[in-house]
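Inspection log for the structure reproduced underneath, given as structure tokens.
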Amino acid sequence: MSEAVTKLWTGYDLGNAYSQISCYNERRKETDSICLPGKKNAYEIPTCLSYNIKDGSWRYGEDALTDAGEDWIFLKDFLTDYENTPDLTAGGQTFEKKELLFEFISRSLELILRYYPHGRVEWLTFTARSFSKKLIFDLLELGGRLGISPGCLKIQGHVASYEAYALCQPKELWSHDVGLFEYDENGLSYCHLSISRRHSPVVVTPSVLDLSAYLSGEDYQKLSAPELDRRFLDVIKEVLGKRNISTVYLVGKGFEGDWMNISLKTMCSNRKGFIGQNLFSKGACYNSMMEATGTKNQTFIGLCDEMVPVTVYLAVSRGKESFHVDLVKAGSDWYNVRESVEFILDGTDTVVFHVQEFASSKERLIPLKLENLPQRPNRTTRIRLHLEFEDANICQVVMEDQGFGALYPATDKTWKMRLNVVEYEDAKNFKPTGRLILNRDVAEAVPFYFNVSGMKVYSVEELCYYIYENIYAVNLDTFSEDFFYWLEKKMNEPVLAKGMKNLIKAGGSLKEVVRYLMNFVDYYPQDELKALLGVIDEISRQNPTESKKLTADNYMRYCRYMEAVRSYCDVIYDMEHDASDDVTRDFKGNTWHNLGVCYTRLMNFKSAQDAFKKAWRLNKNEESLKSFLWVSKLLGDETSFFDAVENSSMDEEEIQGVVDEFDRVEAESKTDKNEKMKAVEEMFNDQSSQGYREKRDKYIAGLKDWYRS
């Protein structure tokens with residue numbers, strides 16, 4: 001019968017000379033410090049290793065200190081200068097410090113099994129006097145190799161562990177401020193915790209004093225007990241003074257022995273006092289317990305060196321709602337902050353960071369202007385912002401142009417900024433304009449395809465833009481079952497889909513359906529929406545023949561010339577028979593003109609010539625005449641060309657202008673002056689170059705846009 005696995009909440013105090021481990025005992029609601037085998041109250045594990053050059057075996061801790069012979073290489077100080085010196089050389093061999101760290105930590109954690117034979121470390125907090133950036137990220141990586149689940153490993157300095165320990169004690173021990181003296185080979189230091197109960201949860205602000213001028217790291221080994229006692233007494237009087245302190249903790253080797261007589265009595269006057277050597281590992285252990293149980297930041301928020309001291313947020317909108325999106329919250333560990341958000345710029349080229357101090361709630365503005373934005377219509381530039389920190393105060397901001405789906409492809413434009421969010425001066429005179437439209441969360445980037453135009457939209461904002469710009473190509477049939485499936489399942493908009501579907505079932509008009517959609521998404525302001533609804537009203541008043549021409553115009557607009565020809569022919573039949581009196585001569589002429597354009601694009605120049613001739617006779621439009629003359633030139637039909645010229649009101653200068661323009665375009669199409677042809681030739685002559693495929697695809701996409709325009 002297998003034993004149940006005990007999930008352990010663990011704290012690990014990592015030191016260059018010694019390390020300590022503590023585990024939270026859920027049954028007793030206390031922490032157990034792990035002792036060395038056979039040594040009661042011996043919590044310090046020597047931070048060292050020995051490596052056997054013959055069989056590749058390892059020893060750690062006290063076992064590594066034993067001189068086992070010339071086959072063993074002794075390794076220590078692998079935390080010294082960790083940031084700048086990643087390797088350690090000993091015994092003629094070079095070892096990577098990160099791997100030495102892994103060997104030592106993984107082997108020393110096995111000590112826990114003596115206390116909890118069926119235990120498994122579920123949450124682990126590393127603590128140390130200080131951490132370099134490289135050490136932090138190496139420990140995060142090692143956590144995965146140790147089997148710690150992502151998000152279940154925390155790294156914090158001694159100050160944060162001291163905060164966790166102090167505030168996990170009975171409340172009477174921190175009814176006022178709390179103090180900590182630490183005395184070891186680095187000298188004497190003091191850390192004061194100011195506890196503010198004006199906030200909920202309680203805010204704890206640390207301040208550290210270097211007192212090595214009073215007692216150095218060598219004094220506790222050299223000075224007599226009375227002299228140590230006298231100097232420490234001076235420190236207590238100077239540092240504690242009239243401060244209202246509930247409890248004082250003493251940690252470090254310097255406080256071992258019986259030399260504190262007068263100083264200890266003075267320190268404990270109207271205060272509690274405790275001496276111990278495992279406070280930091282226990283504090284780290286308490287942190288693991290709070291993180292695992294979800295009680296972190298419910299009792300207190302401790303501001304210390306690895307925690308960002310401010311909240312940074314963006315003011316955004318989505319639909320009719322305006323709200324804040326936190327990029328980082330005060331009290332977050334800087335190395336865990338990796339936040340990304342996407343938004344659309346509406347009436348602004350500036351992204352404003354709102355920076356709020358936690359303790360005072362004061363707010364500052366940091367405006368970040370995006371220089372040289374791509375030239376696009378308003379609300380068609382989507383920006384992806386990524387934020388991460390390099391320490392508790394300095395953040396790196398990267399913003400990238402994401403374009404606007406297939407309507408406006410993304411560019412490689414990127415803006416990079418480095419900010420000190422704590423010291424950045426408030427832009428007092430800056431007044432934000434416009435808004436940021438927050439990108440809606442979708443499961444995957446699945447587009448909806450519009451058959452007539454061939455365009456794809458990837459978001460509800462792109463959908464609104466497409467409808468606004470292509471309202472003549474939209475009708476109630478656009479909102480098919482496929483459309484509602486895409487809106488509900490792929491865009492995660494079931495409420496919007498249901499509302500539009502119910503409107504259509506109830507006999508709602510196109511105007512009502514579009515109004516509902518636009519108001520729900522709130523992509524356009526009311527004045528622009530009003531103009532759009534006015535256009536829909538105009539469309540609804542058109543007669544059947546005008547509606548048919550609108551369909552044909554849309555086919556032509558989106559380069560679907562065969563469908564356009566068929567539709568224009570239907571319109572021409574109607575206007576020459578039943579609907580002859582319902583449309584004007586200009587309408588008839590414009591229909592023939594558009595049919596001529598389609599024939600030209602299909603290179604049916606003879607049919608195009610006939611269509612332009614009829615168009616000109618009906619609408620007397622110079623554009624129709626010019627098109628007729630050009631097509632006649634293409635056909636080499638000089639007779640038709642001159643007949644048209646004679647029957648027109650064009651003077652010699654105008655006629656010569658038409659001829660000159662035709663000759664220029666024809667010449668450019670046949671010579672190396674045509675820039676588009678030159679670009680194609682250069683590109684295909686250099687197919688071996690890096691990025692050839694990307695250049696080719698980008699060029700072809702641009703050529704399609706040019707052709708459609």
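Heavy atoms only: backbone and side chains are in, while hydrogens, waters and symmetry mates are out. The model shown is predicted, which means the values in this text are computed figures rather than measured ones.
- Checked by atom type, the side-chain pair Q526/N519 shows a donor-acceptor distance below 3.5 Å.
- Applying the side-chain hydrogen bond (donor to acceptor under 3.5 Å, both in side chains) criterion to N475, with sequence neighbours excluded, gives no partner residue.
- A search for ring-ring contact (aromatic ring centres under 6.0 Å, His included) contacts involving H324 returns Y313, not counting sequence neighbours.
- Using a 4.5 Å heavy-atom cutoff, the side chains of F483 and T478 are not in contact.
- A centroid separation of 6.0 Å or more is found between the aromatic rings of F389 and Y335.
- Here the shortest heavy-atom pairing between I366 and V355 reads CD1-CG2, 3.6 Å.
- Closest approach of L438 and R318 over heavy atoms only: CD2-NH2, 3.2 Å.
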Please assess R435 against F343 for the test side-chain contact (heavy atoms from CB on, under 4.5 Å), listing each intermediate value before the final yes or no. CA-CA 10 Å; R435 61 174 179 158; F343 47 81; over 6 Å; no
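- Taking each heavy atom of A330 and T311 in turn, the nearest pair found is N-OG1, 3.0 Å.
- Between the side chain of T600 and the backbone N or O of G596 there is at least one donor-acceptor pair closer than 3.5 Å.
- Proximity of P447 to V457: side-chain heavy atoms (C-beta onward) are nowhere separated by under 4.5 Å.
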Hey, can you pull the donor-acceptor pairs under 3.5 Å for the side chains in residues 407-419, sequence neighbours left out?
unit_1 : atom_1 : unit_2 : atom_2 : d
Y408   : OH     : Y465   : OH     : 2.9
T411   : OG1    : D401   : OD2    : 2.6
T411   : OG1    : K413   : N      : 3.2
W415   : NE1    : E371   : O      : 2.9
R418   : NE     : E390   : OE1    : 3.2
R418   : NE     : E390   : OE2    : 3.3
R418   : NH2    : E390   : OE2    : 2.7

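- Considering CD of E469 and CE of M455, their distance stands at 11.5 Å, rounded to 0.5 Å.
- Between N594 and K549, the shortest heavy-atom contact is ND2-NZ, 3.7 Å.
- Judged purely by atom type and a 3.5 angstrom limit, S640 has no side-chain atom pairing as donor or acceptor with the backbone of D637.
- Annotation: side chain of F479 is in contact with side chain of L510 (closest heavy-atom distance under 4.5 Å).
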Working note: L625 + N621, criterion side-chain contact (heavy atoms from CB on, under 4.5 Å); need CA distance, chi angles, decisive distance, verdict. CA-CA 7 Å; L625 174 58; N621 189 300; over 6 Å; no
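- Between the side chains of R585 and N619, no donor-acceptor pair of N or O atoms lies under 3.5 Å.
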Could you please spell out the steps behind the side-chain hydrogen bond (donor to acceptor under 3.5 Å, both in side chains) verdict for S459 and R382? CA-CA 11 Å; S459 69; R382 180 179 282 108; 3.2 Å; yes
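- Partner of K548 under the side-chain hydrogen bond (donor to acceptor under 3.5 Å, both in side chains) criterion, chosen from D570, D574, T591, D553: D574.
- Remark: L634 pairs with F605, F662 by the side-chain contact (heavy atoms from CB on, under 4.5 Å) rule, at least two apart or across chains.
- Residues D586 and L618 have side chains not in contact (no heavy-atom distance under 4.5 Å, counting atoms from C-beta outward).
- Minimum heavy-atom separation, S624 to F612: O-CB, 4.0 Å.
- W616 carries K620 over the face of its six-membered ring, with the cationic atom under 6.0 Å from the centre and within 45° of the normal.
- Checked by atom type and distance alone, the side chain of N543 pairs as donor or acceptor with a backbone atom of E546 at under 3.5 Å.
- Considering only residues two or more places apart in sequence or on other chains, E493 meets the side-chain hydrogen bond (donor to acceptor under 3.5 Å, both in side chains) condition with R440.
- In this structure, D333 contributes its side chain and N336 its backbone to no donor-acceptor pair below 3.5 Å.
- Remark: Y466 pairs with F450 by the ring-ring contact (aromatic ring centres under 6.0 Å, His included) rule, at least two apart or across chains.
- C598 has its side chain out of reach of R601: every pair of non-hydrogen atoms, C-beta onward, lies at least 4.5 Å apart.
- No salt bridge links R541 with D537; every basic N to acidic carboxylate O contact stays at or beyond 4.0 Å.
- The shortest side-chain heavy-atom distance between D346 and I344 does not fall under the 4.5 Å cut-off.
- Going from atom CE of M399 over to atom OG of S340 covers 12.5 Å, rounded to the nearest 0.5 Å.
- Side-chain contact check for H386 and E339: no donor-acceptor pair (N or O, by modelled atom type) lies under 3.5 Å.
- To the nearest 0.5 Å, atom CD of residue E342 and atom CD1 of residue I437 are 13.5 Å apart.
- With rounding to the nearest 0.5 Å, the separation of NZ in K613 from OG in S632 is 8.5 Å.
- For K505, there are no salt bridge (charged side-chain N to carboxylate O under 4.0 Å, His left out) partners two or more places apart in sequence or in a different chain.
- Shown here are the salt bridge (charged side-chain N to carboxylate O under 4.0 Å, His left out) partners of K633, two or more places apart in sequence or in another chain: there are none.
- Counting heavy-atom neighbours within 6.0 Å of E622 CD, excluding the residue itself, gives a total of 12 or less.
- The closest side-chain heavy-atom distance from Y523 to V460 is not below 4.5 Å.
- Under the rule for a side-chain hydrogen bond (donor to acceptor under 3.5 Å, both in side chains), the partners of K626 that lie at least two apart in sequence or sit in another chain are E661.
- Applying the side-chain contact (heavy atoms from CB on, under 4.5 Å) rule to E563 yields the partners Y555, R560, R566; only residues at least two apart in sequence or on another chain are considered.
- E512 pairs by the salt bridge (charged side-chain N to carboxylate O under 4.0 Å, His left out) definition with nothing, not counting sequence neighbours.
- In this structure, the side chains of E461 and F404 come closer than 4.5 Å at one or more pairs of heavy atoms.
- We find the CD-CG distance between E623 and N590 to be 11.0 Å, quoted to the nearest 0.5 Å.
- A 6.0 Å sphere centred on CD of E638 holds more than 12 heavy atoms belonging to other residues, nucleotides or ligands.
- A search for salt bridge (charged side-chain N to carboxylate O under 4.0 Å, His left out) contacts involving R515 returns nothing, not counting sequence neighbours.
- A donor-acceptor contact shorter than 3.5 Å links the side chain of T380 to the backbone of P377.
- Classified by interplanar angle (parallel below 30°, tilted 30° to 60°, perpendicular above 60°), the ring pair Y524/Y468 is parallel.
- The CG atom of L368 sits 8.5 Å away from the OG1 atom of T350 when rounded to the nearest 0.5 Å.
- Heavy-atom minimum distance, M500 versus V513: CE-CG1, 3.7 Å.
- Judged purely by atom type and a 3.5 angstrom limit, H593 has no side-chain atom pairing as donor or acceptor with the backbone of G589.
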